[in-house]
There are 2 protein chains.
Amino acid sequence: MKKQCPVATTMNLIDNKWKILILRDILKGPKRFGFLKKSVVGISSKMLSQNLHEMERDGILNRKVFPEVPPHVEYSLSPLGESMRPIIRSMEKWGNNYLENVKGKQQIKF
Amino acid sequence: MKKQCPVATTMNLIDNKWKILILRDILKGPKRFGFLKKSVVGISSKMLSQNLHEMERDGILNRKVFPEVPPHVEYSLSPLGESMRPIIRSMEKWGNNYLENVKGKQQIKF
DNA sequence: CTGTATCCACAGTGATACTG
DNA sequence: CAGTATCACTGTGGATACAG
């Protein structure tokens, strides 16, 4: 029985940048498909749909359908998804510091 | 002038799972090419070389060549790379918790 | 030991059109 | 509104061989 790497385990569940950005948004509260489509800049309906399905399958988020016309679907965090908040927060902190202190002020290109 | 998303900024610098795993290893101390090749399970020389170059270009890590025969190259963290430690640690924590408490014990598949 | 060079298969993704 | 279907394309990344 092989020992598993926790970091690799985490990366298996959030394996692309779209999922991180989706998580970033839903951490602020439940979101609808259309909202995410606009908020996650550059994502296509297909990619959004696909990633939402995978995240639901992995137990990271819940999908709630409101029986209305026109259709209304809301995505919210499961407890497992909520537990990822520290990961996203650490990335947010790092990114903020990078944008403020590094980009352009040091010799690092961009 | 558009406001930039810190999370997306972070993801632009560590945009694939290889970089995360490389970072995980070098956070424990300077590492050589061959060590990383074995430690980052599944990575090819090409991918390893490519990612190391990108991370060096982005200012995340330093490359030090020892003028010896046979060649000896060591990769270590720059201050910028070191500042990513909280990100990796949060992933490590999450992954550990997931492996211990979630996988197999709840209804979440795997 | 630490890589680079080349080839190439195929998974990932964008674009577009369409549906309940 | 919230997706799905299909297709074409591209770049990622594996395999292999080779080099300094």
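Proteins get letters first, then strands, A, B, ... in listed order; numbering begins at 1 in each.
Interface residues of residues 17-28 of chain B facing DNA chain D, ordered by number: B:Trp18; criterion, heavy-atom separation under 4.0 Å. In the region residues 31-54 of chain B, proximity to DNA chain D at under 4.0 angstrom, judged on heavy atoms, holds for B:Ser44, B:Lys46, B:Met47.
The nearest whole Å value for the distance from the CG atom in B:Asp15 to the P atom in C:dT13 is 12 Å. The separation between A:His72 atom NE2 and C:dG20 atom C1' is 17 Å, rounded to whole Å. As rounded to whole Å, 10 Å separates atom P of D:dA2 from atom CZ of A:Arg63.
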Inset, instruction - Determine, stepwise, if the pair A:Met91 / B:Met91 fulfils side chain to side chain contact (heavy atoms under 4.5 Å, CB included). - result: CA-CA 11 Å; A:Met91 287 187 180; B:Met91 288 188 180; 3.5 Å; yes
Legend entry - Stepwise side chain to side chain contact (heavy atoms under 4.5 Å, CB included) check, B:Met84 with B:Leu80: CA-CA 7 Å; B:Met84 284 183 156; B:Leu80 186 62; over 6 Å; no
Legend entry - Intermediate values then yes/no, salt bridge (Lys or Arg N to Asp or Glu O under 4.0 Å), A:Glu74 and A:Arg63: CA-CA 6 Å; A:Glu74 225 175 62; A:Arg63 181 171 183 271; over 6 Å; no
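Judged by distance alone, the side chain of A:Asp25 and the main-chain N or O of A:Lys28 form no donor-acceptor pair under 3.5 Å. For A:Asp58 (side chain) and A:Ile60 (main-chain N/O), no donor-acceptor pair under 3.5 Å exists by modelled atom type.
The B:Pro71 side chain lies nearest to D:dG20 when the options are D:dG20, D:dA2, C:dG3.
For the 3.5 Å distance criterion, the side chains of A:Asn62 and A:Ser78 fail to qualify, holding no donor opposite an acceptor.
Of all non-hydrogen atoms in B:Ser83 and B:Pro86, the two that sit nearest each other are O-CD, 3.3 Å.
In this structure the side chain of A:Asn51 reaches within 4.5 angstrom of the side chain of A:Met47, judged on heavy atoms.
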